[in-house]
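The block underneath contains the structure these notes are about, expressed in structure tokens.
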Amino acid sequence: MTTIRAIRGMNDILPDETDRWQYLERTVAEVLASYGYGEIRMPIVEQTALFRRSIGEVTDIVEKEMYSFDDRNGESLTLRPEGTAGCVRAAIQNSLLGTVQRLWYSGPMFRYERPQKGRQRQFHQIGAEVFGVPTPDIDAELILMTARLWRALGIDEHVELQLNSIGSSADRQAFRAALVSYLSEHQADLDEDSQRRLLTNPLRILDSKHPGTRALLQQAPVLTDYLDGESKADFARVCELLDAASVSYVVNPSLVRGLDYYNKTVFEWVTDRLGAQGTVCAGGRYDGLVQQLGGKPVPGIGFAMGKERLVLLLEALEALPAALPAADVYVVNSGGRAEIAAFAALESLRSALPGLRIVQHTGGGSFRSQLKKADKSGARWALIWGDDEVAAATVTVKPLREQGEAQATLPLADVAAFLLRSRTPDTTTEGS
RNA sequence: GUGGCCGUAGCUCACCUGGUAGAGCACCGGAUUGUGACUCCGGAGGUAGCGGGUUCAAGACCCGUCGGCCACCCCA
């Protein structure tokens, strides 16, 4: 019989790792809450048309990376490849756009790509979107919020903010025409990929890695020269606000986001610690998108961060809090009446000390083997119920960690107080 | 979609230029009556990803296939 495996690029996240994920999610949620953002939860599946219309027909995502399938009624559905489109759809559908909305979401996204470090077919993002603010103050707020998050996670020394303005749609049309015209004259000197992109997505040639192409780009038209007055002024204001907040950044004129709906401010947080997939968070403004999807002309801006990449970065930088042992208390019993007594006593103990993690040994075995398990569990104490304890209505508390502490046999009624008293001050750290 | 590297016990790996598989860790049991860690003794666990080929003989060589990793492309 062939064993069934998970789909390529779709990974299980095991208990060892979920600690780290929860730490990340908790920290992000706290920062988002501190800026007044509210959580929104959208479906994972949407009509295919939503993504075609928002992300752009000629993007790689739409052309070859979407998980699309027909519903039973013949309608084409798609597993969401990103979160913004669904969020915009939800905001329109639920009439949220009459006032400013600060939203965030978290969950899985799906793109059919070859897996590699920091990239899988089911990956997970936390994103934030703001609707209804046309001014660049909100651009700065979003960026400041992410900067705060990196500090909270202790990774701010290892991420760099790259910033650019890609202007209005009209600005980009004009620039694109100039760029294509220039590059077409030197087509023979372009690398193969870039020659192809000349037809499909010329702006992407700007961040080509080929030396020959890079040399050509030295003399190429610069996007910044094509920006209209408002784009320039807004970008300057974003920079000014970041400067005032002491958030450093690098203006990268060749930073172009891959999705069609972006305009004006775009930004990426990148690290050099994750190999080829170094972008850990990215976003930008998308002022035309709401209208494009059938809503009123409400401006929007947002970002998304990749949870896998952030967890990898936290691991690489050893910026994670110390792992907790699996249990605080491990309970050993000799079976029979001792097991009955232990069950009853533990239920009371859990009620009395809700934060205490109590693992009861199951499956029998000698005291010796049970205590081995107790030791391996990392528990601070073993509680022991044997025939003697049952007869006397007591329990034996055996310290497993501190040297020199003696075990004691206590009346059942005193156990909770004893454990509470000897519990050490919580030394677990939240990050750095 | 393209390229490189890799698939031997639960994990990390070894078996050198082909002679029908081993270590460490983990796991299980034991070392006098109900007590962990350290130590000692013992045990279980692999159709060498799968299929084909070359050969007297293949885990080792060749081909295919599936899977993994990394990179290109693209992106979080």
Side-chain angles (χ1 to χ4, degrees), chain A residues 2-9 11 16 55 58-65 80-84 106-127 146 159 191-194 196-197 200-201 204-205 207-210 255-259 267-271 274-284 302-313 330 332-335 338 361 363 365-390 396-403 406-407 409:
Chain A
T2 55
T3 55
I4 296 176
R5 310 183 85 262
I7 308 303
R8 183 213 272 265
N11 304 125
D16 275 358
I55 295 169
V58 297
T59 57
D60 276 24
I61 292 179
V62 168
E63 281 183 344
K64 51 192 190 194
E65 295 177 0
R80 62 182 187 193
E82 56 101 43
T84 300
S106 174
M109 308 293 165
F110 302 84
R111 307 220 290 229
Y112 187 90
E113 300 181 272
R114 280 286 276 271
Q116 71 184 75
K117 187 180 175 80
R119 171 200 287 168
Q120 31 283 128
R121 289 181 175 179
Q122 176 176 332
F123 61 106
H124 301 80
Q125 291 186 328
I126 299 174
T146 53
V159 290
D191 63 272
E192 202 177 320
D193 280 326
S194 294
R196 178 177 51 75
R197 284 184 291 207
T200 58
N201 197 348
R204 290 232 70 95
I205 298 175
D207 45 33
S208 168
K209 290 165 188 166
H210 278 86
L255 177 63
V256 182
R257 312 280 9 274
L259 285 52
F267 65 95
E268 269 185 34
W269 288 95
V270 297
T271 178
L274 292 184
Q277 308 303 325
T279 302
V280 110
C281 172
F303 63 76
M305 61 187 86
K307 290 200 231 176
E308 282 81 359
R309 291 183 186 179
L310 284 167
V311 169
L312 283 173
L313 185 57
Y330 194 96
V332 166
N333 74 78
S334 59
H361 179 83
S366 64
F367 271 47
R368 172 191 154 77
S369 66
Q370 292 189 41
L371 278 160
K372 281 191 178 186
K373 297 267 172 52
D375 186 56
K376 291 227 171 60
S377 76
R380 170 123 192 267
W381 299 284
L383 292 191
I384 303 172
W385 266 276
D387 294 340
D388 298 346
E389 284 83 358
V390 173
T396 298
V397 181
K398 179 181 176 66
L400 297 174
R401 302 295 147 212
E402 312 297 324
Q403 288 288 353
Q407 73 177 47
T409 298

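Fair warning: this is a prediction, and the values are worked out from it, not measured in the lab. A, B, ... follow the sequence lines: proteins, then strands. Residue 1 opens every chain.
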Using the [atom1] atom as the reference point in each nucleotide, state the distance between [N] and [M] in Å, no decimals.
N      : M      : atom1 : answer
B:rG10 : B:rG46 : P     : 8 Å
B:rA26 : B:rG43 : C1'   : 14 Å
B:rC13 : B:rC69 : P     : 15 Å
B:rU47 : B:rA31 : C1'   : 37 Å
B:rU17 : B:rC61 : C1'   : 12 Å

Measure the distance from [atom1] on [X] to [atom2] on [N] and round it to the nearest whole Å.
X        : N      : atom1 : atom2 : value
A:Glu63  : B:rC73 : CD    : C1'   : 13 Å
A:Glu113 : B:rG3  : CD    : C1'   : 17 Å
A:Arg8   : B:rG1  : CZ    : C1'   : 12 Å
A:Asp191 : B:rC73 : CG    : P     : 8 Å
A:Leu255 : B:rC75 : CG    : C1'   : 12 Å
A:Glu82  : B:rA76 : CD    : C1'   : 11 Å
A:Glu65  : B:rA76 : CD    : C1'   : 12 Å
A:Asp375 : B:rU39 : CG    : P     : 13 Å

Self-check item: Ionic contact status for A:Arg401 with A:Asp375, cut-off 4.0 Å
Solution: yes

[N] base to [X] side chain: any donor-acceptor pair below 3.5 Å?
X        : N      : value
A:Arg309 : B:rC75 : yes
A:Glu389 : B:rG34 : yes
A:Arg111 : B:rC75 : no
A:Gln370 : B:rU35 : no
A:Arg368 : B:rG34 : no

Phosphate contact ([N] OP1 or OP2) by [X] side-chain N/O below 4.0 Å:
X        : N      : answer
A:Lys372 : B:rG29 : no
A:Gln116 : B:rC69 : no
A:Arg197 : B:rC74 : yes
A:Arg257 : B:rA76 : yes

Quiz item: Taking A:Glu82 for the side chain and A:Thr84 for the main chain, is one N or O donor matched with an acceptor at less than 3.5 Å?
Solution: yes

Measure from the side-chain heavy atoms of [X] and tell me the nearest of [options].
X        : options                : result
A:Arg204 : B:rG3, B:rG68, B:rC74  : B:rC74
A:Asp388 : B:rG36, B:rC27, B:rG34 : B:rG34
A:Ser366 : B:rG30, B:rC72, B:rG67 : B:rG30
A:Lys117 : B:rC70, B:rA76, B:rC73 : B:rC70
A:Arg114 : B:rC75, B:rC72, B:rG36 : B:rC72

Quiz item: Do you know the tightest heavy-atom contact between A:Gln370 and A:Asn333?
Solution: NE2-O, 2.8 Å

Quiz item: Which heavy atom of A:Pro115 sits nearest a heavy atom of A:Gly9, and at what distance?
Solution: CG-CA, 3.9 Å

Quiz item: Where each residue is assigned the nucleotide of RNA chain B containing its nearest heavy atom, which of A:Ala379 and A:Asp60 is assigned the position nearer the 5′ end?
Solution: A:Ala379

Exercise. Using heavy atoms to find the nearest nucleotide of RNA chain B for A:Ser369 and A:Lys398 separately, return the residue whose nucleotide is more 5′.
Key: A:Ser369

Exercise. Give, for atom NZ of A:Lys117 and atom CG of A:Leu312, the distance between the pair rounded to the nearest 0.5 Å.
Key: 5.5 Å

Exercise. Taking atom OH of A:Tyr112 as the centre, report whether more than 12 heavy atoms of other residues, nucleotides or ligands fall under 6.0 Å from it.
Key: no

For a quick check of understanding: with a heavy-atom distance under 4.0 Å over all strands, which category does [X] fall into, base, sugar-phosphate or nothing?
X        : result
A:Lys376 : sugar-phosphate
A:Ala374 : nothing
A:Lys373 : sugar-phosphate
A:Ile384 : base
A:Gly118 : base

Quiz item: Taking atom types as modelled, is there a side-chain donor on A:Thr396 or A:Gln407 under 3.5 Å from an acceptor on the other?
Solution: no

Exercise. Please determine, by modelled atom types, if A:Trp269 and A:Thr279 share a side-chain donor-acceptor pair under 3.5 angstrom.
Key: no

